[in-house]
Amino acid sequence: MPALQSNPGDNARAGSFDAVVVGAGFAGMYMLYRLRGLGFSVRVYEHGDDVGGTWYWNRYPGARCDVESMQYSYSFSDELQQEWDWSERYAPQPEILKYANHVADRFDLRRDIQFSTRVESAVFDERANRWSVTTSDGHTVTAQFVILATGCLSNARMPDIKGLSGFKGKVYHTGHWPHEPVDFTGQRVGVIGTGSSGIQSVPVIAEQADHLTVFQRTANFSIPARNLPLTDEERQAFRQNYREIRRFAREEARNGIYTDMPDRGALDDGGNERRERYEARWSRGGLTFMSVYNNLALDKAANDTAADFVRQKIAEIVEDPETARLLQPTSHPIGTKRICIDSDYYAAFNRPNVTLVDIKANPIEEIVPTGVRAGDKLYEVDALVLATGFDAMTGSVAKIDITGRQARTLNQKWAEGPRTYLGLMSNGFPNLFLITGPGSPSVLSNMIVSIEQHVDWIAHCAAYMREHGCETMEANRDAEDTWVAHVNDVAHGTLYPQANSWYMGANIPGKPRIFMPYIGGVGQYRQICNDVAAKGYEGFTMTAAERSKKAAVS
Ligand SMILES: Cc1cc2nc3c(=O)[nH]c(=O)nc-3n(C[C@H](O)[C@H](O)[C@H](O)COP(=O)(O)OP(=O)(O)OC[C@H]3O[C@@H](n4cnc5c(N)ncnc54)[C@H](O)[C@@H]3O)c2cc1C
């Protein structure tokens, strides 16, 4: 008996699919494209009412990518990458959303996506070796595979601040921004949070608002984007060299970004030379500031040279010395929290209509109907912007009630922190895949590179199972334990765990402190995944259709 359906159309109509994919961001869209191309029947469920994921939800002023658009884009279709024109070095959110829509249209994806529908639960039936997936519209479908393309940064974190619900003005979360334009003209606005979304939105809101009060708990390092319109020549240079650029990003780069590879450590240079190198990267702008030397994530003394350089820049830009001091990060090594990329963030604090409030020294006591009370002072505002980030990496997975073998839930299994093999599967949950799951490079990389790698790997694996008459695939416990230990060891060989970051779950009260992404680099990680597949999916157990049925009966 074939493990997969012979007639996708009929079975799909009967609510039975080869695969259910949860989420229609860049991961879910490409997963659908690949599985469909292999002849599998697929149903995608998406909570939002259209495609785009991150770029559908995060419509706040100033939202744009921080990996350059010519690289933060799909590579699977050469026609697509040759024909799409990015307007700027870092495209703004509306343009990235337009791109996602273009991809959905070009590859006719929408016909297999059910929008405005949340996946509420997924239960593995050990007798049938299939998942039952129940959605917010009350329907249940079954599928051999469930693939979570739910996103690492898709579960917006609402802060638990006394009085928030009683605030009489409008409250916006950057990760759930309204679809209609928001105009802050003439208003007093408060922004709570100075991570990436706060840092992107502050300069734009400052230009509109009558007054902007920025509530900062932790100062973050930010590097200027130096965003500019792309010229035809720049676009052409990428297009002509895309084959090599994409290969390098996948196979050689640690973070999935094509850039010069550092050949020396920060302490190998003398002070003047080092400063020149930092100046050159600061002038170039962007994330590659952190790859000027090869030991900034490893050696605290080396890291201090980069951190001191940025702190000095902040002091040069920000006119008021006390404000500059507050904006200078001191709580963590540079780069150990996701480094931010900005357009005039620090300079925004030179405007007469912008005030910085240090809520580490003077925590927010409560929100009252007219404003925010912190350190015995009331800051009156008409609107509040919560730039408070996400329950990252596991938040959206945890919201789905997932029950695997022996009625054990994934939330029970992950109570002390996520456990996966390669960030792709978790023991006890057969045929359940994660795209950019914890234990994979994910958020430490150009995520489209990591998404494409996982999608291709999962698609190959599903095709392999079909070819070999396999019904289930499951991560072995010992392989998973070894991988979790490896992820942890690699992380603790770096400075990353020194920061209270969302990589560690530290932004969510009560969340276990585990360094979740794999820091070994995308090139090395890809090689490991490829080797595992080449060895017949070493560390996983695949079970043929008949054998798995007998095991379930006995
Ligand atoms: C503001 C911002 C800027 C970013 N900039 C960059 C960048 O420059 N470079 C980079 O590499 N990465 C960036 N990222 C990370 C970004 O999330 C990824 O690059 C990428 O878009 C993730 O795609 P995805 O499909 O995996 O997840 P998402 O885009 O998050 O999509 C997941 C989708 O799943 C849906 N979903 C979740 N749970 C359910 C459920 N139970 N039922 C139904 N649907 C569900 C969500 O509604 C969402 O639409 C940024 C993130 C943010 C928030």
Side-chain angles (χ1 to χ4, degrees), residues 20-32 43-69 71-74 89-93 96-97 99-100 103 113-122 133-137 146-157 173-177 195-201 225 249 255-257 286-287 338-341 387 389-402 434-437 440-452 454-455 502 522:
V20 159
V21 175
V22 191
F26 285 132
M29 289 166 68
Y30 182 44
M31 193 75 248
L32 167 60
R43 167 63 55 86
V44 181
Y45 293 106
E46 168 54 55
H47 176 39
D49 63 15
D50 212 337
V51 296
T54 290
W55 306 103
Y56 170 91
W57 296 106
N58 290 265
R59 299 167 187 244
Y60 59 83
R64 59 178 73 244
C65 53
D66 56 17
V67 171
E68 295 182 31
S69 292
Q71 300 205 53
Y72 185 68
S73 47
Y74 285 124
R89 187 175 174 195
Y90 303 94
Q93 171 272 332
I96 307 174
L97 185 59
Y99 172 75
V103 172
I113 307 175
Q114 186 174 319
F115 292 106
S116 310
T117 309
R118 280 193 61 80
V119 168
E120 306 278 8
S121 71
V133 176
T134 302
T135 47
S136 50
D137 59 358
V146 170
I147 301 162
L148 301 179
T150 43
C152 293
L153 300 171
S154 54
N155 188 20
R157 186 180 89 84
H173 192 292
T174 49
H176 268 285
W177 203 261
S196 185
S197 307
I199 282 177
Q200 286 189 335
S201 60
N255 57 5
I257 299 174
L287 284 179
R338 187 173 173 108
I339 199 147
C340 303
I341 303 300
F390 302 90
D391 181 354
M393 305 212 65
T394 54
S396 286
V397 176
K399 274 170 107 172
I400 307 173
D401 202 357
I402 299 172
L434 299 130
I435 301 180
T436 62
S440 73
S442 56
V443 291
L444 294 177
S445 66
N446 173 353
M447 285 202 71
I448 300 192
V449 171
S450 291
I451 285 169
E452 288 190 331
H454 268 187
V455 168
W502 54 257
V522 299

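All residue numbers in this chain count up from 1 along the given sequence. Indexing begins at 1, ligand by ligand and atom by atom, following the structure's order.
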### Task
For atom 2 (C) of ligand 1, grab the closest protein heavy atom and report residue, atom and distance to one decimal in Å.
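The closest heavy atom on the protein side is Thr54 CG2, 3.9 Å.
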### Query
What protein heavy atom sits nearest atom 27 (O) of ligand 1, and how far off is it?
Gly151 CA, 3.1 Å
### Query
Is there a side-chain contact (heavy atoms from CB on, under 4.5 Å) between Val51 and Phe115 once you walk through the steps?
CA-CA 8 Å; Val51 296; Phe115 292 106; 3.7 Å; yes
Just let me know how [X] lines up against ligand 1, side chain, backbone, both or neither, with a heavy-atom cut-off below 4.0 Å.
{"X": "Phe115", "result": "neither"}
{"X": "Ile435", "result": "neither"}
{"X": "Tyr56", "result": "neither"}
{"X": "Ala149", "result": "backbone"}
{"X": "Ala63", "result": "neither"}
{"X": "Tyr90", "result": "neither"}
{"X": "Tyr45", "result": "backbone"}

Should [X] be counted as touching ligand 1, given the test is an N or O pair under 3.5 Å?
{"X": "Cys152", "answer": "no"}
{"X": "Ser396", "answer": "no"}
{"X": "Glu46", "answer": "yes"}
{"X": "Tyr60", "answer": "no"}
{"X": "Ala24", "answer": "no"}
{"X": "Thr436", "answer": "no"}
{"X": "Val67", "answer": "yes"}
{"X": "His47", "answer": "yes"}
{"X": "Arg64", "answer": "no"}
{"X": "Val119", "answer": "yes"}

Nearest 0.5 Å, please: how far is [atom2] in [Y] from [atom1] in [X]?
{"X": "Arg59", "Y": "Leu97", "atom1": "CZ", "atom2": "CG", "result": "5.5 Å"}
{"X": "Thr150", "Y": "Arg118", "atom1": "OG1", "atom2": "CZ", "result": "9.5 Å"}
{"X": "Thr174", "Y": "Arg157", "atom1": "OG1", "atom2": "CZ", "result": "11.0 Å"}

Need the ligand 1 atom indices (1-based, order shown) with element for anything under 4.0 Å from a heavy-atom of [X].
{"X": "Gly23", "result": "33 (C), 34 (O), 35 (C)"}
{"X": "Cys65", "result": "8 (O)"}
{"X": "Arg118", "result": "41 (N), 42 (N), 43 (C)"}
{"X": "Gly53", "result": "28 (P), 29 (O), 31 (O), 48 (C), 49 (O)"}
{"X": "Ile400", "result": "41 (N)"}
{"X": "Trp57", "result": "46 (C), 47 (O), 48 (C), 49 (O)"}
{"X": "Ala27", "result": "24 (P), 25 (O), 26 (O)"}

### Query
Do Tyr72 and Asp66 meet the criterion of a side-chain donor-acceptor pair at a distance under 3.5 Å?
no
### Query
When you check the side-chain N and O atoms of Ser154 and Ser396, is any donor under 3.5 Å from an acceptor?
yes
### Task
Under the side-chain hydrogen bond (donor to acceptor under 3.5 Å, both in side chains) rule, what do Gln200 and Arg64 come out as? Steps first, then yes or no, please.
CA-CA 8 Å; Gln200 286 189 335; Arg64 59 178 73 244; over 6 Å; no
Backbone of [Y] reached by a side-chain donor or acceptor of [X] within 3.5 Å:
{"X": "Gln93", "Y": "Ala63", "value": "no"}
{"X": "Asn446", "Y": "Gln71", "value": "yes"}
{"X": "Glu68", "Y": "Arg89", "value": "no"}
{"X": "Ser69", "Y": "Ala91", "value": "yes"}
{"X": "Tyr56", "Y": "Asp49", "value": "yes"}
{"X": "Ser442", "Y": "Ser440", "value": "yes"}

### Task
Over 60° means perpendicular and under 30° means parallel, so classify the ring planes of Tyr74 and Tyr30, tilted if in between.
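Answer is tilted, since the angle falls between 30° and 60°.
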### Query
Non-hydrogen atoms of Thr117 versus ligand 1: any pair closer than 4.0 Å?
yes
### Task
Please confirm whether Ser445 comes under 4.0 Å of ligand 1, counting heavy atoms of the residue only.
yes
### Query
Considering Tyr30, Tyr72, Phe390, Trp177, which one's heavy-atom position lies nearest to atom 19 (O) of ligand 1?
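Looking at heavy atoms only, Tyr72 sits closest to atom 19 (O) of ligand 1.
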### Task
Measure the shortest side-chain to side-chain distance between Leu287 and Asn255 over non-hydrogen atoms and say whether it is less than 4.5 angstrom.
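Side-chain contact under 4.5 Å: no.
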